Q: 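I'd like to ask you about the structure that follows.
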Protein chains: 2
Amino acid sequence: MEEYTQIFKTLSDPTRLRILRLLLDAGKELCVCELVDSLEEPQYNVSKHVTAMRAAGLLKSRKEGRWVYYSPRDTDGEFLKLLSLAVAAIPERHVKHDRAELRKRLKLRERGKCLTGVQKEHLLGKVSS
Amino acid sequence: MEEYTQIFKTLSDPTRLRILRLLLDAGKELCVCELVDSLEEPQYNVSKHVTAMRAAGLLKSRKEGRWVYYSPRDTDGEFLKLLSLAVAAIPERHVKHDRAELRKRLKLRERGKCLTGVQKEHLLGKVSS
DNA sequence: ATGATATATGCGTCTATGCGCAACTAAGCA
DNA sequence: TGCTTAGTTGCGCATAGACGCATATATCAT
């Protein structure tokens with residue numbers, strides 16, 4: 001069962017659950033800096049989380065230039081399909097804020113591409129300089 | 001989101017996931033000693049896990065004499081309903097053994113009631129005497 | 001090449017959690 | 001009243017995981 005408990009464990013962290021839900025709602029791949037600005041979590045943290053989710057088989061990634069776009073992995077099995085539906089069924093009020101931040105952030109795209117990094121400087125994970 | 005991450009965390013342990021799946025498959029409430037003999041996990045361990053699952057809102061319990069019967073809580077919301085379907089969709093080979101042990105154990109019931117405690121003595125959690 | 005930028009990762013720390021053991025509660029029975 | 005039995009709970013240990021910080025990698029621009 002470890003194959004399945006691993007997936008539940010991955011979703012047992014608020015940041016990771018928010019990431020998956022945001023990606024499911026967005027309907028398009030998002031890069032790390034867009035996730036950072038939407039979730040308002042430090043860059044190194046978001047990066048670690050998406051890496052873990054990718055390892056768990058929940059996300060796939062695509063590198064384009066300096067950017068890495070993440071999206072939900074195609075749900076091959078019935079289990080993952082139903083699990084995604086469950087996550088998508090979390091009432092909207094829990095995800096409203098993240099979605100609003102994402103909408104703002106997506107306005108910075110041009111021709112559908114992300115052209116800049118993290119906008120909220122205090123989320124970079126660097127302290128001085 | 002903690003309300004939801006808590007549920008995922010609860011299912012991120014193999015024993016707890018097996019308990020839920022077994023209860024979903026059984027279609028009837030099971031007492032602790034029946035779970036112990038089916039899962040072949042120590043009694044105090046199973047007890048702790050079902051207590052945690054009950055606290056997380058996944059199970060309900062009913063006491064009858066010396067026995068406590070557990071069953072999946074009625075899934076009021078869409079989220080829990082889909083989550084239960086996902087757990088029920090875990091391929092059968094992962095739960096075959098537990099189910100076989102449960103089938104054997106249920107033969108000890110009389111008039112639909114459990115009349116005895118843990119049969120596999122080494123799972124009691126007591127060591128000597 | 002040099003520097004800037006997007007993302008990833010290694011390390012130390014702190015907290016959370018699962019397990020084994022032992023003691024406890026509660027219900028039935030002699 | 002005591003003994004047995006089904007289940008629960010508190011404690012200590014060991015491990016796993018999340019975070020912050022610093023640094024590393026990789027790509028692009030000048």
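In what follows, every chain begins at residue 1, and chains take the letters A, B, ... in the order their sequences are listed. What you are looking at is a predicted structure, and each value in this text was computed from that prediction instead of being measured.
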Q: How long is the line joining CZ of A:Arg16 and P of D:dC19, in whole Å?
A: 8 Å
Q: Are any non-hydrogen side-chain atoms of A:Leu106 and A:Leu30 less than 4.5 angstrom apart?
A: yes
Q: Do B:Ser61 and B:Arg54 have side-chain atoms, one donor and one acceptor, less than 3.5 Å apart?
A: yes
Q: Would you say B:Lys63 places a side-chain N or O within less than 4.0 Å of OP1 or OP2 belonging to C:dA26?
A: no
Q: Within the structure, does a side-chain N or O atom of B:Tyr70 lie under 4.0 Å from either OP1 or OP2 of D:dT8?
A: yes
Q: Using whole Å, what does the distance between atom P of nucleotide C:dC19 and atom CG of B:Leu39 come to?
A: 12 Å
Q: In this structure, how many angstroms lie between the P atom of D:dT5 and the NZ atom of B:Lys120, rounded?
A: 20 Å
Q: Could you tell me the separation between the OH atom of A:Tyr69 and the C1' atom of C:dA6, rounded to a whole number of Å?
A: 11 Å
Q: Tell me whether the centres of the aromatic rings in A:Phe8 and B:Tyr4 are closer together than 6.0 Å.
A: no
Q: Show the distances under 3.5 angstrom between N or O atoms of the protein and N or O atoms of nucleotides 9-16 of chain C.
A:
from, atom 1, to, atom 2, distance (Å)
C:dG10, O6, A:Lys48, NZ, 2.9

Q: If only side-chain N and O atoms count, and only distance matters, is there a donor-acceptor pair under 3.5 Å linking A:His49 with A:Glu41?
A: no
Q: What is the separation between atom CG on B:Leu115 and atom P on D:dT5, rounded to the nearest whole Å?
A: 15 Å
Q: Is the closest side-chain heavy-atom distance between B:His94 and B:Arg21 below 4.5 Å?
A: no
Q: Check whether any side-chain N or O of B:Arg66 sits under 4.0 Å from OP1 or OP2 of C:dC29, and answer yes or no.
A: no
Q: With respect to A:Met53, which candidate in A:Arg16, A:Lys48, A:Arg73 satisfies the side chain to side chain contact (heavy atoms under 4.5 Å, CB included) definition?
A: A:Arg16
Q: Report yes if at least one side-chain N or O of A:His49 is closer than 4.0 Å to OP1 or OP2 of D:dG17; otherwise report no.
A: no
Q: Side chain of A:Pro42, heavy atoms from C-beta onward: which of D:dT8, D:dG20, C:dC19 has the nearest atom to it?
A: D:dG20
Q: Between atom CG in B:Leu35 and atom C1' in D:dA6, what is the gap in whole Å?
A: 13 Å
Q: Name the residue closer to the 5' end of DNA chain D, choosing between A:Gln6 and A:Gly65 according to the nucleotide with the nearest heavy atom.
A: A:Gln6
Q: Return yes if some donor-acceptor pair links the side-chain N/O of A:Arg18 with the main-chain N/O of A:Leu39 below 3.5 Å, else return no.
A: yes
Q: In whole angstrom, what separates A:Glu41's CD from D:dC21's P?
A: 13 Å
Q: Where each residue is assigned the nucleotide of DNA chain D containing its nearest heavy atom, which of A:Trp67 and B:Thr116 is assigned the position nearer the 5′ end?
A: B:Thr116
Q: Categorize A:Cys114 for me: base, sugar-phosphate, or nothing, with a 4.0 angstrom heavy-atom threshold over every strand shown.
A: nothing
Q: Using whole Å, what does the distance between atom C1' of nucleotide D:dA6 and atom CG of B:Leu108 come to?
A: 15 Å
